[in-house]
Number of protein chains: 2
Amino acid sequence: MRNWLLWQSPANNKKTTDGTLPLTNTPKRPLTLRDVSEASGVSEMTVSRVLRNKGDVSAATRQKVQDAAKRLGYVPNKIAGALASQRVNLVAVIIPSLGNMVFPEVLSGISETLEDTGLQPVVGVTDYLPEKEEKVLFEMLSWRPSGVIIAGLEHSEASQAMLQQAGIPVVEIMDTDGEPIDHCVGISHRRAGRKMAEEIIAAGYKRIGFMGTKMPLDHRARKRFEGFTRTLAKAGIEIADQEFYSGGSALAKGREMTAKMLERTPDLDFLYYSNDMIGAGGLLYLLEQGIDVPGKVGLAGFNGVELLDGLPRQLATMDACRRDIGVKAAQIIAALNAGDAVPDGPIVALDPTLAAGDTLRR
Amino acid sequence: MRNWLLWQSPANNKKTTDGTLPLTNTPKRPLTLRDVSEASGVSEMTVSRVLRNKGDVSAATRQKVQDAAKRLGYVPNKIAGALASQRVNLVAVIIPSLGNMVFPEVLSGISETLEDTGLQPVVGVTDYLPEKEEKVLFEMLSWRPSGVIIAGLEHSEASQAMLQQAGIPVVEIMDTDGEPIDHCVGISHRRAGRKMAEEIIAAGYKRIGFMGTKMPLDHRARKRFEGFTRTLAKAGIEIADQEFYSGGSALAKGREMTAKMLERTPDLDFLYYSNDMIGAGGLLYLLEQGIDVPGKVGLAGFNGVELLDGLPRQLATMDACRRDIGVKAAQIIAALNAGDAVPDGPIVALDPTLAAGDTLRR
DNA sequence: TTGAAAGCGCTAACAG
DNA sequence: CTGTTAGCGCTTTCAA
C-alpha cells in the first residue's frame with residue numbers, strides 16, 4: 001500500500017524545460033501497456049511487441065507506439081513480464097563483503113561481461129555468515145533468477161539443497177579446492193599458500209611469522225594458511241609466530257600486529273600476511289623503523305590489490321585473478337543461459353601469479 | 001527458456017547427510033503453492049497464509065503446511081506474489097561506483113537500517129555516467145521498487161521525470177547543494193570546501209595547490225572545489241597550482257601528482273586533495289622526501305576513510321558522514337513506506353567535521 | 001478459521 | 001503484420 005497522502009514531491013509542480021506542466025496531476029498510478037495501447041490506438045499485444053523488439057511490426061505502427069510510450073513515460077512492468085514469460089534476466093551474485101577491494105573487482109568483471117547478454121547481476125552480501133548466506137540465497141531465489149554466482153565452495157546444507165533444486169546454472173567462485181555443485185571458477189588457495197611458501201624457502205628465509213584475520217569462516221584464507229604451513233613443514237620449518245586480528249582499519253592493524261610480533265619474536269626474518277592491506281601496514285611500519293626490507297625481514301601479502309602500486313616499496317603478493325574470475329563466471333552463466341555448451345569442465349582453476357615486488361629477496 | 005538439456009549438475013546424485021537421495025530426479029520444475037497444498041492437504045489459500053504469517057490459521061494446519069513446505073524445499077515465487085499484491089519489498093539504491101570505500105559504507109548504513117523493515121536494498125552502479133544512470137534507473141523502476149535512494153542531486157531530465165512519475169519515495173543522497181525531488185540527505189560540499197579553506201587560511205598557509213579527479217561529472221567534487229576556491233578568493237588567495245588525474249591507483253597517482261606539482265611549483269605550502277587516497281599518496285611521498293609536514297607543507301584530503309588510521313602520519317581530512325547518510329536515507333524510505341510521517345524536512349544536511357590530523361598545523 | 005473466485009500486467013500461442 | 005485468448009503463481013476479496 002503506497003502512502004499517497006504523505007507522498008508529496010516538492011518538485012511535483014516544476015515545469016519541464018519546454019514550459020509545459022507535467023502530464024498528470026492525478027494521483028500517480030504506474031502506467032500499463034493498456035495505457036500505451038489506448039494512447040497509440042494499437043493493440044496491447046502489438047505495443048508489447050514493439051517495446052520488446054520482438055516479432056515483425058510495421059515501421060509506422062512501431063513509431064506510433066514508441067512515441068506514445070515515450071510521451072507518457074511508460075516504464076514496463078517486469079514483474080508481470082517475468083511472470084508471463086517465465087523468464088527473469090537477473091543473475092544472483094552472492095559475496096561475503098563489499099568492504100575490501102577484492103569483491104568489487106569480481107563484480108566489475110561480472111557486470112561487464114553480462115552487459116551485452118541482457119542479463120543483470122544483482123548482488124547479495126553475506127558478511128561471511130552462513131545463516132546470512134542462506135537467507136540471502138533464499139530471498140534471491142524467490143525472484144527466480146536465471147543463474148547464481150556465489151563465492152566459495154562451502155555452504156550450509158540448506159543452501160546446497162536450494163542451489164541444487166533451483167534448476168538454474170550455478171557458478172561457485174574464488175575457490176577451486178573442493179567439489180562444485182555445478183561449475184566453479186577460481187584459484188586453488190592451498191596452492192597459492194604452497195607457492196608462496198616455496199618462494200620464501202627458496203629465498204632462504206627461515207624464521208617465519210604469519211598474520212591474518214580472525215575468521216574461522218573465511219575458508220579461503222584458511223586454505224591458504226594450510227597450504228603455506230604444510231609446505232613449510234615439509235621443509236622442516238614451523239611457523240615461528242602468528243597473530244590474528246578482527247575489526248578496525250586493516251592498515252593500522254597490520255602495523256600494530258607487526259610491531260607486537262617483532263617485539264615478541266625479534267628474530268623473525270619473514271612475515272606473511274593473509275591480505276595486502278595488513279601487509280602494507282606492516283611494510284610502512286618496518287620502513288619507519290628503518291628495518292632493512294627485504295634484507296633483514298622479508299614480507300608478502302595476498303591479493304594483488306591496486307593500492308600496492310602507491311606504496312614506498314612494492315609489497316610481494318599473489319594475484320588472485322579477481323577480475324578474470326568474474327569474467328569467466330559470467331561467461332559460463334551466459335553460455336548456459338543461451339543454451340550454448342560450456343567449453344570448460346566443471347572446475348576452472350586460474351593460476352595465481354606471484355609478484356615478488358621489492359619485499360622478497362631472490 | 002531454461003536449458004534443461006545442458007543443465008546437469010555433477011552434484012545431482014550426491015547423497016544428503018542422512019543418506020537419503022534427493023527428493024526429485026525428474027527435470028526440476030520450481031515448486032508452486034499448489035505443490036505444497038497437495039502435499040499437505042490444505043488449500044492453496046491457507047498455505048499462502050501460513051507462509052506469509054498472515055491471517056489466523058490453526059496451529060495444526062500451520063504445522064502441516066510448514067512441514068510440507070520444508071520437506072519439499074519450497075521457495076515462494078516473489079514475482080507472482082508481487083504482481084498479485086502490487087507490493088515489492090525492494091529499494092533501489094543507485095550509486096556511481098563501488099570501487100572506493102565511500103559507497104560501500106553508505107550501503108552498509110542502508111542495509112543495516114533496512115534489515116528489520118522487510119525492505120531489501122538492491123544496488124545499481126552508474127560509473128558517474130548520466131546515460132548509465134538513466135538506464136539503471138529505468139531497469140530498476142521496471143521492477144516497481146518501494147523506494148529509490150540515489151546519489152546526487154543532478155540527474156538527466158529523463159531521470160528526473162522517471163523519478164517523479166514513479167510515485168514512490170525518492171531520497172537523493174550525499175549532497176544537499178540543490179533542490180531535491182522529494183527528500184535528500186547528505187552534506188553540503190560547498191560548505192565542506194569552504195570550511196577546509198577557512199581552516200587553511202587560519203593556519204596561515206598561502207601558496208595552495210589542488211589535486212583532484214578529472215571528472216566533470218563528479219558534481220560533489222566540483223562543488224567542494226568551488227566552495228574552496230571561492231573562500232580562498234575572499235581572502236585574496238588564488239590556487240597556485242592544480243592538477244587532475246583519471247584512472248590508475250589513486251595512491252600512486254597522488255604520489256606522482258605531488259612530485260610533479262612540487263617540482264613545477266616549489267614554493268607551495270599547502271596541498272588540498274579531493275580524496276583521501278591521493279592525499280595519502282602525497283603524504284607518503286613527502287615523508288619519503290624528508291619534507292617537513294606540516295611545517296613546510298600542509299596537507300588535507302577528503303572523506304575520512306578508515307585507511308588513514310594506518311598511515312605514518314594522520315592526514316587531515318573531512319568526514320563525509322557516509323554511514324549516517326545511508327542510515328538516515330533508509331529511515332526516511334522506511335518511514336514513508338510504512339505510512340509514517342517523516343520528522344525531517346525535505347533536506348537533511350549533516351555536518352562534515354574536520355579531522356585536523358597531523359598534517360595541518362594549528 | 002478456511003475456501004473459491006477473480007484478477008495483478010504481461011506474454012505465448014495461435015488465428016486471422 | 002496484427003489481434004484474440006488464455007494463462008503465469010500468487011494474493012485480494014468475499015463468502016462459508
Side-chain angles (χ1 to χ4, degrees), chain A residues 1-2 28-66 68-69 72 74-89 118 139 141-146 166-167, chain B residues 1-2 28-66 68-69 72 74-89 118 139 141-146 166-167:
Chain A
M1 195 107 47
R2 294 199 190 113
K28 281 168 252 160
R29 164 185 61 80
L31 299 167
T32 68
L33 264 190
R34 179 189 218 98
D35 294 309
V36 181
S37 166
E38 281 167 6
S40 63
V42 177
S43 81
E44 272 186 58
M45 195 54 231
T46 302
V47 170
S48 167
R49 283 203 263 267
V50 172
L51 266 22
R52 286 178 297 144
N53 283 324
K54 228 158 183 200
D56 295 321
V57 180
S58 75
T61 327
R62 160 164 291 127
Q63 196 57 45
K64 267 195 294 187
V65 171
Q66 281 170 338
L72 298 176
Y74 172 68
V75 177
N77 185 331
K78 286 221 182 196
I79 296 176
L83 184 60
S85 66
Q86 304 285 69
R87 197 192 323 284
V88 178
N89 71 333
E139 181 84 13
L141 288 179
S142 72
W143 288 101
R144 301 287 187 267
S146 288
Chain B
M1 193 110 47
R2 298 203 188 108
K28 281 167 254 159
R29 165 185 63 79
L31 298 167
T32 68
L33 263 190
R34 179 189 216 99
D35 294 310
V36 181
S37 165
E38 281 168 5
S40 63
V42 176
S43 81
E44 271 186 59
M45 196 49 237
T46 303
V47 171
S48 167
R49 284 202 262 266
V50 171
L51 266 21
R52 287 178 298 142
N53 283 324
K54 229 61 249 235
D56 294 322
V57 180
S58 75
T61 331
R62 160 164 289 126
Q63 195 57 46
K64 267 197 294 188
V65 170
Q66 281 170 337
L72 297 176
Y74 172 68
V75 177
N77 185 332
K78 287 221 183 197
I79 296 178
L83 183 61
S85 66
Q86 304 286 68
R87 197 192 320 285
V88 178
N89 71 334
E139 180 84 15
L141 288 180
S142 72
W143 289 101
R144 300 287 186 266
S146 288

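Side chains are part of it too, since the values below use all heavy atoms of this structure and drop only hydrogens, waters and symmetry mates. Chain identifiers are assigned alphabetically (A, B, ...) following the order of the sequence lines, protein sequences preceding nucleic acid strands; residue numbering begins at 1 within each chain.
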Taking side-chain contact (heavy atoms from CB on, under 4.5 Å) as the definition, give me every residue that meets it alongside [X], ordered by chain and number, with sequence neighbours left out.
X: A/Ala68; result: A/Val36, A/Ala39, A/Ser40, A/Arg71
X: B/Gln66; result: B/Val50, B/Arg62, B/Gln63
X: B/Ala80; result: A/Leu83, B/Asn77

Side-chain N or O of A/Thr32 versus OP1/OP2 of C/dG9: is the shortest distance under 4.0 Å?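 For C/dG9, OP1/OP2 do not have a side-chain N/O of A/Thr32 under 4.0 Å.
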
Just N and O in the side chain of A/Tyr74: are any of them under 4.0 Å from OP1 or OP2 of C/dC10?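 True: A/Tyr74 side-chain N/O within range (under 4.0 Å) of C/dC10 OP1/OP2.
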
Quick one: [X] [atom1] to [N] [atom2], roughly how many Å, whole number?
X: A/Trp143; N: D/dC10; atom1: CH2; atom2: P; result: 13 Å
X: A/Leu31; N: C/dC8; atom1: CG; atom2: P; result: 16 Å
X: B/Arg34; N: C/dG3; atom1: CZ; atom2: C1'; result: 14 Å
X: B/Leu33; N: C/dC8; atom1: CG; atom2: C1'; result: 15 Å
X: A/Lys78; N: C/dT11; atom1: NZ; atom2: C1'; result: 14 Å
X: B/Glu44; N: C/dA5; atom1: CD; atom2: P; result: 12 Å

Straight-line distance of B/Ile79 CD1 to B/Trp143 CH2, nearest 0.5 Å: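 If I round to the nearest 0.5 Å, the distance is 5.0 Å.
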
Evaluate the criterion side-chain contact (heavy atoms from CB on, under 4.5 Å) for residue pair A/Tyr74 and A/Val65; output intermediate values, then yes/no. CA-CA 11 Å; A/Tyr74 172 68; A/Val65 171; over 6 Å; no

Looking at residues at least two apart in the chain, or sitting in another chain, which of them share a side chain to side chain donor-acceptor pair (under 3.5 Å) with B/Ser37?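 B/Ser37 satisfies side chain to side chain donor-acceptor pair (under 3.5 Å) with no other residue.
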
Who are the side chain to side chain donor-acceptor pair (under 3.5 Å) partners of B/Ser142, not counting sequence neighbours?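 Checked B/Ser142 against side chain to side chain donor-acceptor pair (under 3.5 Å); zero matches.
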
Can you give me the N/O atom pairs linking the protein to nucleotides 5-8 of chain D at distances under 3.5 Å, or say none if there are none?
from	atom 1	to	atom 2	distance (Å)
D/dC8	O3'	A/Gln86	NE2	3.1
D/dC8	O2	A/Leu83	O	3.3
D/dC8	O2	A/Ala84	N	3.0

Return the residues of residues 48-64 of chain A meeting this criterion: a heavy atom under 4.0 Å from some atom of DNA chain D. Order them by number, or give none.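 Of all residues in residues 48-64 of chain A, the ones placing a heavy atom under 4.0 Å from DNA chain D are A/Arg49, A/Asp56, A/Val57, A/Ser58, A/Thr61.
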
With A/Lys78, which residues qualify under salt bridge (charged side-chain N to carboxylate O under 4.0 Å, His left out), at least two apart?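 Listed in chain order: B/Glu139.
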
Step-by-step side-chain contact (heavy atoms from CB on, under 4.5 Å) determination, B/Leu33 to B/Leu51: CA-CA 10 Å; B/Leu33 263 190; B/Leu51 266 21; 3.9 Å; yes

Consider side chain to side chain contact (heavy atoms under 4.5 Å, CB included). Of A/Thr32, A/Val42, A/Asp35, which one does A/Val47 pass it with?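 With A/Val47 as partner, A/Thr32, A/Val42, A/Asp35 yield a single side chain to side chain contact (heavy atoms under 4.5 Å, CB included), made by A/Val42.
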
Just the dot-bracket of DNA chain C, please: which string comes out with Watson-Crick or G-U pairs under 3.5 Å, [ ] for crossing, | for another strand? ||||||||||||||||

Output every pair passing salt bridge (charged side-chain N to carboxylate O under 4.0 Å, His left out) with a member in residues 38-54 of chain B, not counting sequence neighbours, ordered by first then second residue.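 Residue pairs with at least one partner in residues 38-54 of chain B: B/Arg34-B/Glu38, B/Arg34-B/Glu44.
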
